[in-house]
Amino acid sequence: MMQYGLLVMGAPYSSPAPHSALRFAHAVLDRGHQVAGVFFYHDGVHNASSLMAPPQDELNLHDAWIELHQQHAIPLDVCIAAALRRGLMSESEAQRHGKQAFNIASPFELTGLGQLLELQQRSARFITFA
Amino acid sequence: MAATNALLVIIRHAPHSSNWLREGLDAALVAAAFGQPVHLLFMGKGILALLKEQGSGAPGQKATLPTIDMLEMYDIDKLWVTKEALQNMHLSTDSLVDGVTLIAEREVAGLLQQHTKILNF
Amino acid sequence: MILHILTKAPGSSAALQMQQAVAGQDSVVLIEEAVTAALDPTWKAWQQCQSRIYLLSEDLLARGLATIAVDNQLPTLEMGGFISLTEKYEKSVTWY
Amino acid sequence: MMSDQKIYRYLDSQKKWALDPEGYLVDQFKWDETAANLMAEEEELTLTPEHWEIIHVARDFYQRYEMAPAMRPLVKATKNALGEEKGRSIYLMQLFPGSPPKRIARLAGLPKPTNCL
């Protein structure tokens, strides 16, 4: 049994990276390994948007990540600088920046890049999807 | 060179094309800020980040050069570039900032093997 | 020893850079758009990484390239095989 | 003009200096020593010549690198400008208790260091 860390840097519906990462995560778990965490960086931060509304008969990636979290308690960390730049923020960040709306909520957590490096340090295997 | 615990950050994207370059450099800076030794390998168009005559601010984005200059303040002093990549772009070392180390393309594979941690941008 | 994951087609700068970085004991997994390499049996990487380069079958199937990969006698693996490779190789680098 | 243009409150009664929700200057170019002193007063800090030296190190750093310094480069820049004795994190912590990079950036009229750094 090993700890896997995943880095996702592709945006939903413009890159196949999030789909690959999700399939990979499920396959890793099926093998009896653990996923220590998923870190969203670059355009990957869009995966965390709760305002994502794809057609009903298409996989909602945001919800798929939450399901993964709910089933396996996997942390979903989002780079705060990459997110804010792209218009993704939590309620508290929205207040801090004087914005009217927010689109990031638990279990997605806005966090610093230090978390990415920490995830890489403590994962036996670290796989990037971009 | 023996195995190293330094983080190798590979930079492959040019300034003013996407945010890959800036976000790659940010990752390098954060690692260094946390005290991790960081080495940089510039491949392909990533080399354009090292051109010393880059203007500032154009077009409406932060310039890259000040960040490249700032690397030494984070004690990031290994900036590798391959001779072949320079030749492919018809560039000479004179056009690059100081402190760049030229290596041969065949050394790249070895460099990756030596680093236990790698982030590829 | 490194597991290289390529997500872009042969001829992309990601593919060229990966080819520069592959060492003797490394393996390569082609996923996403990289599986279009099945269309090109003359791609240099097939020789360079002989017997250690694999196409992800799910991504081939999705793109209608599975039969061509078989016809060209190219090695494929399922997601489980991909996981096995990540178990074997401590390090991986994704080229995109 | 920095990205955070929302005015949350003013530093002074004449409304010369607008502040964002975190107390940073909305318009960096309006920074002067009076503004720095007023902000320091809010933080119950009295700016001595030793504080000013460091504020100028941070401003010079921003001029050159277009980024407010995080702790590690701030220590190095201080060492380069003011010598070994002052170029130590403990010295900066004594002058600006808490998070020196954030406090110095505010007092020096620089954008706050990005959350990641």
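Chain identifiers are assigned alphabetically (A, B, ...) following the order of the sequence lines, protein sequences preceding nucleic acid strands; residue numbering begins at 1 within each chain.
- Checked by atom type and distance alone, the side chain of D:K76 pairs as donor or acceptor with a backbone atom of B:E72 at under 3.5 Å.
- Within 6.0 Å of atom NZ in D:K79, 12 or fewer heavy atoms from other residues, nucleotides or ligands are found, so the atom counts as exposed in its surroundings.
- Note that the CD1 atom of B:I68 and the OH atom of D:Y65 stand 12.5 Å from one another [nearest 0.5 Å].
- The distance from atom CE of B:M73 to atom CZ of D:R64, rounded to the nearest 0.5 Å, is 8.0 Å.
- Minimum interatomic distance between B:Y74 and D:A70 (heavy atoms only, all atoms of both residues): OH-CB, 3.8 Å.
- For the atom pair CD of D:E66 and NZ of B:K62, the computed distance is 6.5 Å after rounding to the nearest 0.5 Å.
- Within 6.0 Å of the NZ atom in B:K117, the count of heavy atoms belonging to other residues, nucleotides or ligands exceeds 12.
- Around the OH atom of D:Y8, the shell of radius 6.0 Å holds no more than 12 heavy atoms that belong to other residues, nucleotides or ligands.
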